[in-house]
K.L.:
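Sharing a structure with you now.
The figures that follow rest on heavy atoms only: side chains count, while hydrogens, waters and symmetry mates do not.
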Amino acid sequence: RRRRRSPLTSGQPSHPEPAPPHDGTWSVVATALPDSALIEPFVDHHLGLGAQRVFLYLDCEQLPAHVELPRHDQLSVQTCDAAHWRRTVGKRPGHLSDRQLANASDARSCATASWLLHCDIDEFLIAQGSVSLALAALPARVFSVLLQPCEAVYRAEPTTVAQALGTRLFRIPCAHM
């Protein structure tokens with residue numbers, strides 16, 4: 001019997017393909033409860049920054065009748081029902097972080113953007129310039145970017161979404177300093 005040689009053992013030097021340049025396109029994915037008051041501000045904010053698409057995974061079996069979601073062509077909404085979990089990971093993960101990871105993986109599999117921002121529904125990307133231009137400027141060998149989180153701080157408990165999003169006070173967690 002004759003054994004076939006793999007390209008790595010053929011004696012010829014292997015040269016990895018150069019990574020394609022980044023085009024700067026990006027999308028965002030979040031898992032949220034369906035009645036979160038932050039959904040619309042989250043979607044509007046990230047689309048306003050230039051996100052190609054927002055993937056929103058609603059952590060529920062079915063959308064409650066009283067919930068109205070924002071309507072955007074660039075918004076993809078998935079209810080995380082039993083069929084969703086069977087299709088993605090087999091069964092519903094018990095921990096929220098595992099559900100978020102499964103949903104981010106699902107979004108990555110159907111996203112057409114080069115980059116995918118994975119964050120919580122109460123986390124908003126703040127940029128001083130174009131996110132797309134900043135991502136496009138990264139060297140091709142860079143495959144991930146870690147963003148510095150800042151947590152909102154309030155003088156009094158906010159009672160509206162506008163108050164919650166209107167704070168100008170933030171703290172940087174010590175673990176990230």
K.L.:
Got a salt bridge between R92 and D59, using NZ or NE/NH1/NH2 to carboxylate O under 4.0 Å?
P.N.:
yes

K.L.:
For the residue pair S114 and T25, what are the closest heavy atoms and their distance?
P.N.:
N-OG1, 2.9 Å

K.L.:
Please identify each residue that fulfils side chain to side chain contact (heavy atoms under 4.5 Å, CB included) with L133, with sequence neighbours left out.
P.N.:
S130

K.L.:
Please determine whether residues W26 and V29 belong to a single hydrophobic cluster, defined as Ile, Leu, Val, Met, Phe, Trp and Tyr linked transitively by side-chain heavy-atom distances below 4.5 Å.
P.N.:
no

K.L.:
I need the I172 CD1 to C150 SG distance, nearest 0.5 Å.
P.N.:
4.5 Å

K.L.:
Main chain of G24, side chain of S132: is a donor-acceptor contact present, judged purely on distance under 3.5 Å?
P.N.:
yes

K.L.:
Linking Ile, Leu, Val, Met, Phe, Trp and Tyr by side-chain heavy atoms under 4.5 Å, what else ends up with W85?
P.N.:
V89

K.L.:
Roughly how far, to the nearest 0.5 Å, is CG of L116 from OG of S144?
P.N.:
12.0 Å

K.L.:
I'd like to know if L49 and L56 are part of one continuous hydrophobic network [Ile/Leu/Val/Met/Phe/Trp/Tyr, side-chain heavy atoms within less than 4.5 Å].
P.N.:
yes

K.L.:
Report the distance from atom OH of Y154 to atom CZ of F170, rounding to the nearest 0.5 Å.
P.N.:
7.5 Å

K.L.:
Could you pull out the closest heavy-atom pair between P158 and A164, with the gap in Å?
P.N.:
CB-N, 3.7 Å

K.L.:
Do V145 and L138 come close enough that some side-chain heavy atom pair is under 4.5 Å?
P.N.:
yes

K.L.:
OG of S27 to CG of L47: how many Å apart, nearest 0.5 Å?
P.N.:
9.0 Å

K.L.:
Specify the closest pair of heavy atoms between P34 and I39, including all atoms of both residues, with the distance to one decimal.
P.N.:
O-CD1, 3.7 Å

K.L.:
Would you say L117 and V131 make side-chain contact, with heavy atoms under 4.5 Å?
P.N.:
no

K.L.:
Less than 4.5 Å apart, any side-chain heavy atom of L147 and any of L125?
P.N.:
yes

K.L.:
Which pairs would a plain distance check flag for residues 100-110, meaning a side-chain donor or acceptor within less than 3.5 Å of a matching protein atom at least two apart in sequence or in another chain?
P.N.:
residue, atom, partner, partner atom, Å
Q100, NE2, D120, OD1, 3.0
N103, OD1, H84, NE2, 2.8
N103, ND2, T31, OG1, 3.0
N103, ND2, R99, O, 3.2
S105, OG, L101, O, 3.1
D106, OD1, R87, NH1, 2.9
D106, OD2, Y57, OH, 2.7
D106, OD2, R87, NH2, 3.3
R108, NH2, A113, O, 2.6
S109, OG, D106, O, 2.6

K.L.:
Short question: side chain of H46, backbone of F42 - any donor-acceptor pair under 3.5 Å?
P.N.:
yes

K.L.:
Quick one: does any side-chain atom of T79 pair with a main-chain N or O of E61 as donor and acceptor, under 3.5 Å?
P.N.:
no

K.L.:
State the CG-NE2 distance between L38 and H45, to the nearest 0.5 angstrom.
P.N.:
12.0 Å

K.L.:
If you compare all heavy atoms of L169 against all heavy atoms of T167, which two are closest, and at what distance to 0.1 Å?
P.N.:
N-OG1, 3.1 Å

K.L.:
Table please: side-chain donor-acceptor pairs of residues 67-78 below 3.5 Å, with sequence neighbours left out.
P.N.:
residue, atom, partner, partner atom, Å
H72, NE2, D44, OD1, 2.8
S76, OG, R53, NH1, 2.9

K.L.:
Report the residues that fulfil side chain to side chain contact (heavy atoms under 4.5 Å, CB included) with A83, sequence neighbours left out, ordered by chain and then residue number.
P.N.:
D81, R86

K.L.:
Mark yes or no for whether Q163, through its side chain, and T159, through its backbone, hold a donor-acceptor pair below 3.5 Å.
P.N.:
yes

K.L.:
So, using side chain to side chain donor-acceptor pair (under 3.5 Å) as the criterion, who are the partners of T112 when residues are at least two apart?
P.N.:
Q52

K.L.:
So do the side chains of C119 and V28 get within less than 4.5 Å of each other, counting heavy atoms only?
P.N.:
yes

